[in-house]
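Written out below as structure tokens is the structure these notes cover.
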Amino acid sequence: ARGYRAAQCTELAKPLILRDLPAPPLQPHQVRVGVQYCGLNFADILACQGLYQDRHTPPFTPGMEFSGTVMETGENVSAVKEVRTTLTPSLPASHLCLQMLWQIPDSVSHEDAAVLPIAYGTAWLALCRRARLQPGETVLVTAGAGATGLAIIDLAANVFQAKVIAAAGSDPKCELAVTRGASHGVNYSRGSLREEVKALTGGRGVDVAIEAVGGDVFKAALQSLAWEGRIVVMGFAGGKIPSIPANLLLLKNVSAMGVYCSRYQQEDFPLFSSAISSVLQYCQEGKIHPHIGAVFKLEEVNEAFNHVLQRKSTGKVIISMK
């Protein structure tokens, strides 16, 4: 087998280094994939800083999702031939287990496929599994112009038939969220998120809040819930992990929960697989439309990291191997 090029984290909190690596021998139950596009997630950056909950020891190759083509199959693999695939791996690109592969429909591009597993998989699990979103309900999503925020908007509005209020930190980001399907955008950097949501819902509040910022934004989202509302924590992009005032849960009979996409991969793989298969089908049917904010070459991977860290990105940033 030929070798492959990878961007490796050789030292935590340092720039990634491009290396040409030998391809490991293919085991009987494995496949070798030629990668075309990788999705860049904030979790990848945290992992390279040593700050992610799943710790990695350098050197390692970061990455949680990509699309490509199966180039070679192990002798015990019969279900996969040379097909377009998308996957969410926990192993290097040339060393994959069969159960981690999903076939990309012909009508879905490799670029869009690289966006789906983490952002849309998390969004599906947050809305369908955790929040149990119902048609006609109102959803508040924070970090609404990010990859997962836009995926929440796309699924909630176009698949689950809900009304979406998107909150973001600038007017252009709010405008993007509205063009992608949100009914309203709220700039929480220059006003009270709680009061804006109250005004937009006639004082009732929202049925579901999907929260990814943390800190004061989380508290405002929690206070914006309607009676028996549900808030789902996706992350803490603002850097501050909030404490939950338990009295707020009591007063309105609301529920607070979390969603951690990769954990479903370990604990409930059939459900995880259902999430990936569902969003692939929605994309094939034209119900959802992933938003790619920027494409970087592999040689520009450190620039891509900085693009995300400096909050310049909207939607998904992907890395091209072409």
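Reckoned from all heavy atoms, side chains included, excluding hydrogens, waters and symmetry mates.
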Hey, does the side chain of N158 reach the backbone of D154 with a donor-acceptor pair shorter than 3.5 angstrom?
-> yes
So does D216 have more than 12 non-hydrogen atoms from other groups sitting under 6.0 Å from CG?
-> no
Side-chain donor/acceptor of E303 to backbone N/O of N306, under 3.5 Å = no
Exceeds 12 heavy-atom contacts within 6.0 angstrom, atom CZ of R311 | no
So how far is it from I319 CD1 to F305 CZ, rounded to the nearest 0.5 Å?
-> 7.5 Å
Side-chain touch Y282/Y120, heavy atoms, less than 4.5 angstrom = no
More than 12 heavy atoms from other groups under 6.0 Å of NZ on K252 | yes
Give a yes or no answer on whether the side chain of T142 reaches the backbone of A212 with a donor-acceptor pair at less than 3.5 Å.
-> yes
What pair of heavy atoms forms the shortest contact from V141 to G149, and how long is it?
-> CG2-CA, 4.0 Å
Side-chain donor-acceptor pair present, S67, Q36, cut-off under 3.5 Å | no
Report yes if the side chains of Q53 and Y260 come closer than 4.5 Å at any heavy-atom pair, otherwise no.
-> yes
Quick one: does R129's side chain get under 4.5 Å of D268's, heavy atoms only?
-> yes
Supply the atom-to-atom distance H291 NE2 to I153 CD1, rounded to the nearest 0.5 angstrom.
-> 10.5 Å
What's the spacing between S273 OG and L101 CG if we round to 0.5 Å?
-> 11.0 Å
Using a 4.5 Å cut-off on heavy atoms from C-beta on, say whether the side chain of H184 contacts that of K163.
-> yes
Beyond-backbone contact of S107 with Q284, side-chain heavy atoms, under 4.5 angstrom | yes
May I ask whether F272 and M257 are part of the same hydrophobic cluster, defined by side-chain heavy atoms of I, L, V, M, F, W, Y residues being less than 4.5 angstrom apart, directly or through others?
-> yes
Taking a hydrophobic cluster as the set of Ile, Leu, Val, Met, Phe, Trp and Tyr residues connected by side-chain heavy atoms closer than 4.5 Å, whether directly or through intermediates, do V317 and L18 fall within one such cluster?
-> yes
Return the minimal non-hydrogen interatomic distance between R32 and P24, and the atom names on each side.
-> NH1-O, 3.1 Å
So how far is it from T10 OG1 to I17 CD1, rounded to the nearest 0.5 Å?
-> 3.5 Å
Could you pull out the closest heavy-atom pair between P290 and C283, with the gap in Å?
-> CD-SG, 4.1 Å
Drop me the distance from R130's CZ to T122's OG1, to the nearest 0.5 angstrom.
-> 12.5 Å
Give the C-alpha distance, both sets of side-chain angles, the deciding distance and a yes or no for side-chain contact (heavy atoms from CB on, under 4.5 Å) between D207 and Q134.
-> CA-CA 9 Å; D207 301 288; Q134 300 299 309; over 6 Å; no
Any side-chain heavy atom of P59 within less than 4.5 Å of one from R19?
-> yes
Within a strict 4.5 Å, meaning less than it, do heavy atoms of the Q8 and L21 side chains meet?
-> yes
Same apolar cluster (I L V M F W Y, side chains within < 4.5 Å links), F296/L309 | yes
salt_bridge(E299, K297) N-O dist < 4.0 Å | no
Is there a donor-acceptor pair closer than 3.5 Å between any side-chain N or O of E65 and the backbone N or O of I118?
-> yes
According to a 4.5 Å side-chain heavy-atom criterion applied to Ile, Leu, Val, Met, Phe, Trp and Tyr, with indirect links allowed, do W227 and V232 form part of one hydrophobic cluster?
-> no
Step-by-step side-chain contact (heavy atoms from CB on, under 4.5 Å) determination, H289 to R180 = CA-CA 9 Å; H289 304 279; R180 302 300 296 184; 3.9 Å; yes
Heavy-atom closest pair (P242 atom, G214 atom, distance to 0.1 Å) is CD-CA, 4.0 Å
Determine, step by step, whether V259 and W124 satisfy the side-chain contact (heavy atoms from CB on, under 4.5 Å) criterion, reporting the C-alpha distance in whole Å, the side-chain angles of both residues, the deciding distance to 0.1 Å, and the verdict.
-> CA-CA 10 Å; V259 62; W124 188 93; over 6 Å; no
State the CD1-CG distance between I318 and D112, to the nearest 0.5 angstrom.
-> 8.0 Å
For E228, does its backbone N or O pair with a side-chain atom of N253 as donor and acceptor, under 3.5 Å?
-> no
Taking all non-hydrogen atoms of both residues into account, name the closest pair between A177 and L150 and its distance.
-> CA-CD2, 4.1 Å
So which residues get pulled into L140's cluster when ILVMFWY side chains under 4.5 Å apart are joined, directly or through others?
-> I165, V186, Y188, L193, V197, L200, V206, V213, V217, F218, L222, L225, I231, V233, F236, I241, I244, L248, L249, V254
Is a side-chain donor or acceptor of S278 paired with a backbone partner of S274 at a separation under 3.5 angstrom?
-> yes
Indicate yes or no for a side-chain donor-acceptor contact from S189 to the backbone of G169 under 3.5 Å, with no hydrogens or angles considered.
-> yes
Close side-chain approach of F66 to V33, heavy-atom, < 4.5 Å = yes
Heavy atoms of G144 and A166 approach each other most closely as CA-CB, 4.5 Å
Are Y4 and F60 in one and the same hydrophobic cluster, where Ile, Leu, Val, Met, Phe, Trp and Tyr link if side-chain heavy atoms are under 4.5 Å apart?
-> no
Worked verdict on H56 versus C9 for side-chain contact (heavy atoms from CB on, under 4.5 Å) = CA-CA 10 Å; H56 303 276; C9 176; over 6 Å; no
Residue among R132, R230, Q161 satisfying side chain to side chain donor-acceptor pair (under 3.5 Å) with E137 = R230
